[in-house]
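Structure record follows, encoded as structure tokens.
Values below: all heavy atoms of this structure, side chains included; hydrogens, waters and symmetry mates excluded. For the single chain, residues carry numbers from 1 onward in sequence order.
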Amino acid sequence: MLTDQEKRTFEADGVICLRGVLNTSEIEKLTKSVDKQLSELTVSKTGYDFEDIARQIWTSEGKVSTQGATRFDMDGLRDVLRADQFARPLLEDKLESGEGCFFYDVAAWQHDHGVREVAFDSALPPLIADLLDTQYLNFWEDTTFVKGPRSRQKTAFHQDLAYF
């Protein structure tokens, strides 16, 4: 599985890059899932177009349209951001508005067999168990982020621990 050096690097740095863990078929399954998520964005209850939402938050006064997504309160987010004079969008100034893509979705494993298969039946679970030196793992969720070229959205340094 993993070399002792890879384990030591993970222990010291909290991250390692492992290549070739997934096979071509597994990568194709995940690619198809992301393509499907993007094509169903307007009817998804969990998928968000962050480019569109950012544009709405900073340029319009009406209700923030999230298409069919219901996971987050984007109107509440808009109100918090507008109430804080130091809250500003993190944008790449050199790029034109509307050119990029920044997409988010979760829980594909619940309805996409390919994602479920990769999450539960690929080399990933035993590799992660080896990396964490444990015999038991809990699967929390899958999250898809697609941040395409020319997205004006920056991702600020943050820690997700507070969310969980």
Side-chain angles (χ1 to χ4, degrees), residues 10 13-18 21-22 25-122 124-125 128 131-132 137-164:
F10 179 75
D13 300 340
V15 64
I16 55 174
C17 178
L18 300 173
V21 173
L22 299 177
S25 173
E26 291 164 337
I27 293 169
E28 287 173 3
K29 289 174 186 178
L30 295 176
T31 300
K32 286 179 184 177
S33 176
V34 171
D35 289 344
K36 183 178 177 188
Q37 288 173 318
L38 284 166
S39 73
E40 295 176 351
L41 181 58
T42 59
V43 296
S44 172
K45 293 198 180 307
T46 56
Y48 290 87
D49 179 344
F50 285 153
E51 286 282 334
D52 183 51
I53 289 169
R55 192 170 25 261
Q56 291 178 64
I57 285 175
W58 295 105
T59 63
S60 67
E61 297 301 321
K63 184 171 175 53
V64 176
S65 171
T66 58
Q67 309 289 333
T70 59
R71 185 172 170 132
F72 302 119
D73 176 7
M74 292 300 177
D75 288 319
L77 174 64
R78 179 202 55 223
D79 295 343
V80 167
L81 291 173
R82 288 187 176 181
D84 181 352
Q85 67 176 340
F86 298 107
R88 297 290 176 257
L90 297 168
L91 298 177
E92 292 286 354
D93 295 327
K94 301 174 198 165
L95 300 176
E96 294 297 320
S97 179
E99 292 185 36
C101 168
F102 188 11
F103 163 79
Y104 161 93
D105 204 353
V106 295
W109 73 275
Q110 293 179 347
H111 54 81
D112 188 292
H113 181 72
V115 171
R116 184 177 181 82
E117 187 177 310
V118 172
F120 293 102
D121 301 324
S122 71
L124 289 176
I128 300 303
L131 185 64
L132 298 176
L137 291 174
N138 289 311
F139 179 79
W140 181 262
E141 74 176 13
D142 63 276
T143 303
T144 303
F145 282 99
V146 175
K147 192 169 183 181
R150 306 202 53 82
S151 170
R152 293 190 71 213
Q153 308 302 314
K154 291 182 182 179
T155 303
F157 176 80
H158 66 283
Q159 291 185 347
D160 292 339
L161 183 60
Y163 303 151
F164 302 117

Checklist entry - Pairs in or reaching into residues 31-57: which pass ring-ring contact (aromatic ring centres under 6.0 Å, His included), with residues at least two apart or in two chains? => result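 Matches after skipping sequence neighbours: Tyr48-Phe72, Phe50-Phe102, Phe50-Tyr104.
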Checklist entry - Given the rule in the side-chain contact (heavy atoms from CB on, under 4.5 Å) test, do Thr66 and Thr70 qualify, once you have shown the distances and angles that lead to the verdict? => result CA-CA 8 Å; Thr66 58; Thr70 59; over 6 Å; no
Checklist entry - Between Ser44 and Gln67, is a side-chain contact (heavy atoms from CB on, under 4.5 Å) present by the stated rule, with each step listed? => result CA-CA 8 Å; Ser44 172; Gln67 309 289 333; over 6 Å; no
So that I can tick it off, tell me whether [Y] and [X] are bridged by a salt bridge, with the cut-off set at under 4.0 angstrom between side-chain N and carboxylate O.
{"X": "Arg78", "Y": "Glu61", "result": "no"}
{"X": "Lys32", "Y": "Asp35", "result": "no"}
{"X": "Arg71", "Y": "Glu141", "result": "yes"}

Next on the checklist: Can you give me the closest heavy-atom contact between Ala108 and Val115, atom names plus distance?
Outcome noted: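 Shortest heavy-atom separation between Ala108 and Val115 comes out as CB-CG2, 4.0 Å.
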Checklist entry - What's the shortest heavy-atom distance between Ile16 and Phe10, and which atoms? => result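 In terms of heavy atoms, the two residues are closest at CG2-N, 3.5 Å.
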Checklist entry - Do the non-hydrogen side-chain atoms of Val64 and Ile53 ever get within less than 4.5 Å of each other? => result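 Yes, side chains in contact.
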Item to check | Asp75 side chain near Asp73 side chain, heavy-atom distance below 4.5 Å | outcome: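 Contact flag for Asp75/Asp73 side chains = yes.
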Item to check | Test item: side-chain donor near acceptor, Thr144 and Asp105, under 3.5 Å | outcome: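 Note: Thr144 and Asp105 side chains miss the donor-acceptor criterion.
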Checklist entry - Do you see a donor-acceptor pair shorter than 3.5 Å between the side chains of Ser151 and Glu51? => result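 A pair is found: one side chain offers a donor N or O, the other an acceptor, under 3.5 Å apart.
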Just how far is it from atom [atom1] of [X] to atom [atom2] of [Y], taken to the nearest 0.5 Å?
{"X": "Leu131", "Y": "Leu137", "atom1": "CG", "atom2": "CG", "answer": "10.0 Å"}
{"X": "Ser33", "Y": "Arg116", "atom1": "OG", "atom2": "CZ", "answer": "13.5 Å"}
{"X": "Phe103", "Y": "Asp52", "atom1": "CZ", "atom2": "CG", "answer": "13.0 Å"}
{"X": "Glu26", "Y": "Asp121", "atom1": "CD", "atom2": "CG", "answer": "9.0 Å"}

Main-chain N/O of [Y] paired with [X] side-chain donor or acceptor, under 3.5 Å:
{"X": "Ser39", "Y": "Lys36", "value": "yes"}
{"X": "Gln56", "Y": "Ser65", "value": "yes"}
{"X": "Asp112", "Y": "Gly114", "value": "yes"}
{"X": "Arg82", "Y": "Ile57", "value": "yes"}

Checklist entry - Does the side-chain contact (heavy atoms from CB on, under 4.5 Å) test come out yes or no for Ile27 and Leu30, once each step is laid out? => result CA-CA 5 Å; Ile27 293 169; Leu30 295 176; 5.7 Å; no
